[in-house]
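We use all heavy atoms of the structure for the numbers below, so side chains are in, but hydrogens, waters and symmetry mates are not.
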Amino acid sequence: MTDLVLTNACIRTMDAARPGAEALLIREGRIAALGPAAAIAASAAEDARVIDAGGRLVLPGFQDARLRLLSGGADLVTAATLTGSESLPDLRARLAVHAARNPDLPVILGAGWHLGTFTDTNLTAISIDAATGGRPAVIRDAGGQRACLNSAAMTMAGITREIADPPGGRIVRTPSGQPTGMLHGGAIAWAMARLPPLTDAQYQRGLLAAQALAHAHGLTGVTDPRMTGREARIYAQAMEAGELTLRVAGVAPVAADIPPEEALPPLLALRAALPEPDLHLFAAGLVLPDDPDPVQLARLVTALDAARFQLRIEAATEAARALVQQALRAARGTNGAWPALHQITPPPAASVPGLMARLPPAAPRPEDGLPFCLSSDWPAHPLNPFAVIAATDPALTVEDCVLAYTAQAAAAAWRGDLAGRLLPGLAADLVLLDRDIFALSRVEIAATQVLLTLSKGEEVFRAPGFTG
């Protein structure tokens with residue numbers, strides 16, 4: 001592989017011991033040296049390729065701490081875009097156009113409608129039937145927590161007056177008990193399992209589309225919060241084909257009420273099936289009810305911690321978060337301390353040593369004193385990291401936010417010794433920006449454009465017109 005020199009740059013390494021440089025040398029996908037331009041040029045091979053950054057800002061590649069890459073990508077290539085739709089006539093028109101363009105899809109899909117505009121009252125099977133020509137259809141909201149099925153899809157999924165709500169979900173019904181077509185929570189996956197699935201080829205196309213979008217926004221690593229066997233299979237196929245240029249860390253969902261002896265075997269098998277370091281399963285994700293069983297929670301947390309899984313626990317109430325803190329302390333007492341970087345979201349009320357909180361875009365609290373990560377939660381929200389940074393609490397500095405999107409997010413995904421900083425020996429994952437975001441207002445940061453993204457020293461995105 002030919003040496004690559006990035007020169008005439010304002011490099012921010014995001015490492016306090018060696019914060020900046022003018023140039024860097026990339027060799028075999030790694031950073032070989034940083035320093036003054038003349039010294040780096042002298043260290044490079046005679047046939048080295050040179051990129052002139054034009055004095056612009058260079059940062060480590062961004063790491064999104066929560067991004068549903070595969071499912072979001074599948075939406076890009078198979079679903080009608082309903083984001084921004086503000087009326088039922090518009091939504092129906094978008095669905096009808098998508099259905100006409102995709103006559104071979106066994107189920108018409110749509111994604112991105114927003115709560116507030118569409119509700120359990122005005123979005124029903126009957127309200128979208130006319131747009132789908134009798135074919136089954138499922139349209140999901142932007143957050144993935146609600147979905148509306150048309151009448152044909154309800155029939156295919158077996159959703160009738162007599163059927164009970166599935167575990168962790170709700171079938172919305174009229175006062176007389178008739179399902180309306182709207183589903184909440186776990187009822188969505190339950191219903192989708194009864195409908196024709198997308199093919200692996202469709203998921204592969206979606207993965208590549210989502211990956212290209214991520215690179216165009218400066219991302220070189222992501223954490224997928226829902227790593228199931230399907231995600232693992234598709235990611236592994238892309239990696240084997242040499243097409244996976246993002247580093248993917250996975251969190252396997254675990255039901256909060258499952259006995260530890262049932263939870264562990266599939267997790268261990270899935271972890272063993274994924275190679276290191278560019279594609280790995282490292283964490284278990286739990287979503288707690290408002291009043292979790294403290295005995296069950298402690299047993300499950302202790303077992304997962306003993307098996308050396310990071311824990312990412314969503315706890316909505318202060319009482320639930322207090323029980324998580326208690327369970328984590330019990331696990332540490334039983335298993336010993338290790339650098340798990342367990343995480344609780346929303347932010348915990350009290351600190352546990354070694355705990356890292358992954359916080360939603362606008363919610364970091366500097367007073368917590370915990371290291372944190374930033375994430376887009378795409379496709380529920382725009383993928384753009386600069387829009388996320390612009391939306392954070394002004395008490396957080398831009399430096400805080402960039403650290404949260406680079407070094408701290410990489411550490412949270414157990415790849416801090418590989419990515420997240422620009423230092424000799426680490427991966428040449430970096431992004432070149434069109435402006436110095438450290439010198440701008442939040443509004444100006446939101447408009448930042450990526451000019452170049454490198455992953456493992458290879459170009460994965462170059463903005464049209466950039467000739468450096």
(message) With salt bridge (charged side-chain N to carboxylate O under 4.0 Å, His left out) as the rule and sequence neighbours excluded, what pairs involving residues 218-237 come up?
(response) Asp200-Arg233
(request) Could you name each residue pair satisfying salt bridge (charged side-chain N to carboxylate O under 4.0 Å, His left out) that touches residues 399-408, not counting sequence neighbours? (result) Arg12-Glu399
(request) Mind checking side chain to side chain contact (heavy atoms under 4.5 Å, CB included) for Ala152 and listing every partner two or more places apart, or none if nothing turns up? (result) Pro136, Asn150
Taking distance alone, no hydrogens or angles, what donor-acceptor pairs closer than 3.5 Å link side-chain atoms of residues 250-267 to residues at least two apart or in another chain?
from: Glu261; atom 1: OE1; to: Arg299; atom 2: NH2; distance (Å): 3.4

(message) Can you list everything that forms a side-chain hydrogen bond (donor to acceptor under 3.5 Å, both in side chains) with Arg94? Sequence neighbours excluded, please.
(response) Asp90
(message) Please enumerate all residues that pass side chain to side chain contact (heavy atoms under 4.5 Å, CB included) together with Gln202, with sequence neighbours excluded.
(response) Thr78, Leu105, Leu198, Thr199, Arg205
(request) List for me each residue that meets salt bridge (Lys or Arg N to Asp or Glu O under 4.0 Å) alongside Asp278, sequence neighbours excluded, and say none if there are none. (result) Arg247, Lys456
(request) For residues 407-432, pull every pair meeting ring-ring contact (aromatic ring centres under 6.0 Å, His included), keeping only residues two or more places apart or in separate chains. (result) Phe282-Trp414, Trp338-Trp414
(request) Identify, with sequence neighbours excluded, every residue that meets side chain to side chain contact (heavy atoms under 4.5 Å, CB included) alongside Ala80. (result) Leu82, Leu95, His98
(message) Applying side-chain hydrogen bond (donor to acceptor under 3.5 Å, both in side chains), can you list everything that pairs with Arg135, at least two apart in sequence or on another chain?
(response) none
(message) According to ring-ring contact (aromatic ring centres under 6.0 Å, His included), does anything in residues 290-334 pair up with another residue at least two apart or in another chain? List the pairs.
(response) none
(request) For Thr448, enumerate each residue passing the side chain to side chain contact (heavy atoms under 4.5 Å, CB included) test, keeping only those at least two apart in sequence or located in another chain. (result) Phe386, Leu433, Asp434, Arg435, Ile437, Ile445
